[in-house]
Amino acid sequence: MAQINPSILSSDFARLAEEAQRVGGPEGADWLHVDVMDNHFVPNLTLGVPVVESLRRATDIPLDCHLMIEDPDRWAPQYVEAGAGSVTFHAEAAAAPVRLAREIRAKGARASMALKPATPVEPYEDLLPELDMLLVMTVEPGFGGQAFLDVTLPKIRRARQLIDRHGLELWLQVDGGVSASTIERCAEAGADVFVAGSAVYGAEDPAAAVRSLRAQAEQAGAAGRHAH
Ligand SMILES: O=C(CO)[C@@H](O)[C@H](O)COP(=O)(O)O
Ligand SMILES: [Fe+2]
């Protein structure tokens, strides 16, 4: 079942609770994607723990926090305490990814690790059982509204092969430039969780955009599984 996680990076930060509601409801978004940037790991600055705490209180939708920050070993557990249902740290930034994934899980959230476009998945094969989700970035992290990088498609396919070969349950998320014109390629390659910022919040009816992206992904995913 394909999941669509709208990224609030493309929403109005002065009305986050309303923006979350605009994509929720029946057949709405599965999770809300919250991009945390520290102006060190990426050249942009967004929001931190207090905003996640407020969003948690103001909305029902589970929060998928994507930490584009240095020293996630120190900060990620605080996002679980703030109410995140899933916390993603970057492989390039974590000092002790196994210990960190275990800590996130022990605190009660789903543990997830992200790979920038140039970071290969193979060195992390043995670590996959420690994770609930793997995020393959399909743009360089830092900004919404960038063009999808086709060069990441082979890595999505390799990640799907590794997950299936080990019989793992973990979700395979893609993030960056996901839209009506790119989501099918991602789904065919084996992704099952799709972050979409501008494609959802830039649409006239964001909830309808979520439904239509999900339908596209479901169809293409089924075709991809049939072909493999
Ligand atoms: O993590 C990031 C960017 O670094 C993403 O979550 C973006 O927010 C996705 O936005 P679009 O590319 O879908 O507009
Ligand atoms: Fe993100």
Side-chain angles (χ1 to χ4, degrees), residues 2-13 16 19-20 22-23 29-48 51-52 55 61-70 72 75-76 79 84-94 109-119 132-153 155-156 171-187 191-204 206-207 209-210 212-214 216-217:
Q3 294 181 30
I4 307 295
N5 300 5
S7 166
I8 55 163
L9 187 59
S10 300
S11 77
D12 181 349
F13 271 25
L16 282 181
E19 294 286 68
R22 279 173 86 199
V23 295
D30 299 282
W31 294 70
L32 200 62
H33 185 82
V34 180
D35 287 308
V36 176
M37 304 187 188
D38 67 351
N39 198 33
H40 290 276
F41 182 71
V42 289
N44 197 4
L45 187 67
T46 54
L47 51 87
V51 176
V52 172
L55 255 182
I61 185 162
L63 304 178
D64 160 32
C65 287
H66 175 195
L67 306 184
M68 284 160 277
I69 60 173
E70 287 182 355
W75 290 103
Y79 285 88
S86 172
V87 176
T88 300
F89 57 86
H90 266 266
E92 304 85 358
R110 294 177 61 87
S112 162
M113 190 176 75
L115 306 174
K116 288 166 70 169
T119 305
D132 298 297
M133 185 166 79
L134 179 72
L135 165 52
V136 172
M137 289 300 299
T138 43
V139 297
E140 290 296 344
F143 300 92
Q146 301 181 76
F148 180 82
L149 295 175
D150 275 303
V151 291
T152 59
L153 284 167
K155 182 163 55 176
I156 301 169
W171 297 345
L172 181 55
Q173 184 179 61
V174 285
D175 180 12
V178 176
S179 68
S181 51
T182 57
I183 196 166
E184 289 171 353
R185 276 176 272 165
C186 297
D192 51 12
V193 181
F194 305 84
V195 176
S198 39
V200 168
Y201 281 107
E204 217 161 284
V210 168
S212 122
L213 285 169
R214 190 189 286 111
Q216 270 188 292

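Each ligand, and each atom within it, is numbered from 1 in the order the structure gives. Values reported hereafter were calculated over all heavy atoms of this structure, with side chains retained and with hydrogens, waters and symmetry mates removed.
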Notebook entry, point to check: Backbone N or O of Pro117 within a donor-acceptor pair of the Lys155 side chain at under 3.5 Å?
Noted result: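 Yes, because the side chain of Lys155 sits within donor-acceptor range (under 3.5 Å) of the backbone of Pro117.
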Ligand 1 and [X], any nitrogen or oxygen pair closer than 3.5 angstrom?
X      : value
Gly177 : yes
Ala199 : no
Gly142 : yes
Pro141 : no

Nearest atoms (heavy-atom pairs only) where [X] meets [Y]:
X      : Y      : answer
Leu47  : Val52  : CD1-CG2, 4.2 Å
Ala109 : Ser86  : CB-N, 4.4 Å
Glu184 : Gln216 : OE2-NE2, 3.1 Å
Gly176 : Thr138 : O-OG1, 2.7 Å
Asn44  : Met37  : O-CB, 3.2 Å

Margin query: As an exercise, state the distance from OH of Tyr201 to CG of Asp12, rounded to the nearest 0.5 Å.
Written below: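 Spacing of OH (Tyr201) from CG (Asp12) equals 10.5 Å.
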Next item on the list: For atom 13 (O) of ligand 1, find the nearest protein heavy atom and state the residue, atom name and distance (0.1 Å precision).
Entry: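 Among all protein heavy atoms, the one nearest atom 13 (O) of ligand 1 is Gly197 N, 2.7 Å.
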Item checked: Residue, atom name and distance, where the atom is the protein heavy atom closest to atom 5 (C) of ligand 1 ->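 Ranking protein heavy atoms by distance from atom 5 (C) of ligand 1, first comes Asp175 OD1, 2.9 Å.
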Notebook entry, point to check: Out of Leu55, Val34, Thr88, which residue meets the side chain to side chain contact (heavy atoms under 4.5 Å, CB included) rule with Cys65?
Noted result: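 The residue from Leu55, Val34, Thr88 that satisfies side chain to side chain contact (heavy atoms under 4.5 Å, CB included) with Cys65 turns out to be Val34.
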Notebook entry, point to check: Heavy atoms, side chains only, cut-off 4.5 Å: are Val36 and Tyr79 in contact?
Noted result: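 The answer is yes; the side chains approach within 4.5 Å.
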Check: Under 4.5 Å between any side-chain heavy atoms of Ser7 and Asp175, yes or no?
Finding: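 Of all side-chain heavy-atom pairs linking Asp175 with Ser7, none is under 4.5 Å.
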Can you sort out which atoms of ligand 1 are near [X], meaning under 4.0 Å from one of its heavy atoms?
X      : result
Val195 : 6 (O)
Gly144 : 10 (O), 14 (O)
Met37  : 4 (O)
His33  : 6 (O)
His66  : 1 (O)
Phe143 : 3 (C), 4 (O)
Ala196 : 13 (O)

Checklist line | Val139 near ligand 1 by a heavy-atom separation under 4.0 Å | finding: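 Per 4.0 Å heavy-atom rule, Val139 does not contact ligand 1.
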Notebook entry, point to check: Would Gly176 count as a contact of ligand 1 if the rule is a heavy atom under 4.0 Å away?
Noted result: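 Checking ligand 1 against Gly176, which is what was asked, there is a heavy-atom contact under 4.0 Å.
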Item checked: Asp35 atom OD1 and His66 atom ND1 as seen from the Fe ion (ligand 2), angle to 10 degrees ->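 Between OD1 of Asp35 and ND1 of His66, at the Fe ion (ligand 2), the angle is about 90°.
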Check: With a 4.0 Å heavy-atom cut-off (strictly under), which part of Ser198 contacts ligand 1: side chain, backbone, both or neither?
Finding: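 For Ser198, the contact with ligand 1 is made by both the backbone and the side chain.
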Item checked: Name of whichever N/O/S atom of Asp175 is nearest to the Fe ion (ligand 2) ->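 Output for this pair reads OD2.
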Check: Once the angle between the rings of His33 and His66 is folded into 0 to 90°, is it parallel (under 30°), tilted (30 to 60°) or perpendicular (over 60°)?
Finding: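 Tilted, since the angle between the ring planes falls between 30° and 60°.
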